[in-house]
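This report refers to the structure that appears directly beneath it.
All residue numbers in this chain count up from 1 along the given sequence.
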Amino acid sequence: MIPDEGFAEILTERLLIRRFRPSDAPRLSDYRSDPATAWFQSWATPFSVTDATGFIRDMLARHPGEPGQWFQFAITANGSEHVIGDCAVCCSSVPPPIAEIGCTLSSSFQGHGYAREALKAVTAYASAALGAEWVLGVTDRRNASARKLMRSMGWNEGPDDDLIPPSGPVGEDEVMFALRVAGPAQARAAGER
């Protein structure tokens with residue numbers, strides 16, 4: 001997989017998915033410090049503005065598709081600079097080309113279909129721009145909402161010994177979902193489900 005050094009944005013019907021900007025630090029700190037948002041995530045709360053500033057600085061030095069590195073996209077509502085969450089991609093360094101993706105939304109923006117819209121867009125992007133043949137999602141077994149969402153999008157739940165997430169093995173308290181998106185046409189079709 002080849003890093004997308006020219007990445008600027010992904011536009012959907014209601015969302016603008018873009019690089020984080022330094023001015024996003026207070027909002028990133030705010031929603032990542034919310035225990036309801038962070039419940040099934042790997043970061044500690046509170047997530048300070050200093051933490052957010054360092055996180056954004058790291059993301060500005062990266063590009064989507066760098067093998068073995070997470071890249072976080074800021075999610076904003078179209079027409080607003082207000083960050084409502086983030087979506088991430090981590091790509092494999094060995095065949096088959098795999099992109100692991102995830103999504104976090106501020107608790108006040110959950111339940112409105114934004115996660116579905118963002119995941120569809122990033123799935124299509126991972127196939128078309130990064131060359132992914134498979135897209136994986138890993139979530140906490142107790143995260144019923146995430147599991148329901150991925151199932152409803154046509155992702156297959158369960159272990160697949162041939163697919164290893166680029167971020168590392170699936171933990172005992174996690175479950176993996178997989179979607180084959182071998183080319184741009186399949187990615188578009190997956191995004192229409």
Side-chain angles (χ1 to χ4, degrees), residues 1-21 24 55-56 58-81 83-105 109 112-139 146-158 160 162-168 170 176-193:
M1 298 179 84
I2 299 171
D4 182 2
E5 294 180 8
F7 173 79
E9 62 186 35
I10 302 168
L11 187 63
T12 72
E13 183 178 333
R14 299 181 300 162
L15 303 174
L16 174 65
I17 302 168
R18 59 165 172 79
R19 286 184 176 273
F20 271 98
R21 301 174 183 152
D24 296 327
F55 173 89
I56 291 170
D58 289 348
M59 289 303 109
L60 290 173
R62 294 185 189 168
H63 304 289
E66 290 180 354
Q69 297 292 317
W70 281 105
F71 180 85
Q72 306 282 143
F73 304 91
I75 302 171
T76 66
N78 279 346
S80 170
E81 291 298 310
V83 175
I84 64 172
D86 54 84
C87 208
V89 64
C90 182
C91 295
S92 62
S93 60
V94 296
I98 296 172
E100 182 178 353
I101 65 175
C103 186
T104 300
L105 288 177
F109 288 90
H112 302 285
Y114 294 123
R116 173 185 299 276
E117 193 168 332
L119 288 171
K120 285 180 183 180
V122 173
T123 295
Y125 168 79
S127 177
L130 303 179
E133 291 181 16
W134 287 92
V135 176
L136 307 180
V138 177
T139 190
R147 292 175 76 181
K148 180 180 176 183
L149 172 62
M150 286 189 271
R151 275 191 220 107
S152 74
M153 292 176 64
W155 294 41
N156 297 315
E157 180 177 356
D160 185 325
D162 294 334
L163 301 175
I164 299 172
S167 67
V170 177
M176 182 178 80
F177 288 79
L179 180 68
R180 184 163 178 88
V181 291
Q186 282 184 315
R188 282 191 300 276
E192 294 167 3
R193 290 186 185 163

Legend entry - Least distance between heavy atoms, Leu149 atom then Ala115 atom: CD2-CB, 3.9 Å
Inset, instruction - Looking only at non-hydrogen atoms, find the nearest pair between Pro64 and Arg19 and report the distance. - result: CD-NH2, 4.1 Å
Legend entry - Note, Arg116 side chain near Ser152 side chain (heavy atom, < 4.5 Å): yes
Inset, instruction - Answer yes or no: are there more than 12 heavy-atom neighbours, outside Ile2 itself, under 6.0 Å from its atom CD1? - result: no
Legend entry - Derivation and outcome, side-chain contact (heavy atoms from CB on, under 4.5 Å), residues Leu15 and Ile84: CA-CA 10 Å; Leu15 303 174; Ile84 64 172; 4.0 Å; yes
Inset, instruction - Return yes if some donor-acceptor pair links the side-chain N/O of Glu133 with the main-chain N/O of Arg180 below 3.5 Å, else return no. - result: no
Legend entry - CE on Met150 to SG on Cys103, rounded to 0.5 Å: 10.0 Å
Inset, instruction - Taking the side chain as every heavy atom from C-beta outward, state whether Leu136 and Ile101 have any atom pair closer than 4.5 Å. - result: no
Legend entry - Pairwise distance CG(Leu163) to CE(Met176) - rounded to 0.5 angstrom: 5.0 Å
Legend entry - Arg21: partners by side-chain contact (heavy atoms from CB on, under 4.5 Å), with sequence neighbours left out: Arg18, Ser23, Asp24, Glu81
Legend entry - Separation of Lys148 NZ from Thr139 OG1 (nearest 0.5 Å): 14.5 Å
Legend entry - Minimum-distance pair of heavy atoms, taken over all atoms of Phe177 and Glu157: CE2-CB, 3.3 Å
Legend entry - Minimum heavy-atom distance between Gly131 and Pro97, given as atom pair plus value: O-CB, 3.3 Å
Inset, instruction - Locate the shortest heavy-atom distance separating Ala121 from Thr12; write the atom from each residue and the value. - result: CB-CG2, 3.5 Å
Inset, instruction - Flag the pair Cys91 / Leu130 as yes when at least one side-chain heavy-atom distance between them is below 4.5 Å, and no otherwise. - result: yes
Inset, instruction - Kindly say whether Ala124 contributes a backbone atom to a donor-acceptor pair with the side chain of Ser127 at under 3.5 angstrom? - result: no
Legend entry - salt bridge (charged side-chain N to carboxylate O under 4.0 Å, His left out) involving Glu117 - partner list, sequence neighbours excluded: Arg14
Inset, instruction - Kindly determine whether Tyr125 and Ile17 satisfy side-chain contact (heavy atoms from CB on, under 4.5 Å), including the steps that lead there. - result: CA-CA 11 Å; Tyr125 168 79; Ile17 302 168; over 6 Å; no
Inset, instruction - Given side-chain contact (heavy atoms from CB on, under 4.5 Å), test Ser167 with Val138 step by step and report yes or no. - result: CA-CA 10 Å; Ser167 67; Val138 177; 5.7 Å; no
Inset, instruction - Applying side-chain contact (heavy atoms from CB on, under 4.5 Å), run through Met153 and Leu179 and close with a yes or a no. - result: CA-CA 9 Å; Met153 292 176 64; Leu179 180 68; over 6 Å; no
Side-chain donor/acceptor pairs under 3.5 Å, residues 67-76, sequence neighbours excluded:
unit_1: Gln69; atom_1: OE1; unit_2: Arg62; atom_2: NH2; d: 3.4
unit_1: Gln72; atom_1: NE2; unit_2: Asp86; atom_2: OD1; d: 2.8
unit_1: Thr76; atom_1: OG1; unit_2: Leu16; atom_2: O; d: 3.1

Inset, instruction - Work out which heavy atom in Gly137 is nearest to a heavy atom in Trp155; give both atom names and the distance. - result: N-CZ3, 3.3 Å
Legend entry - Sidechain-backbone polar pair: Asn78 side chain, Glu13 backbone, donor-acceptor under 3.5 Å: yes
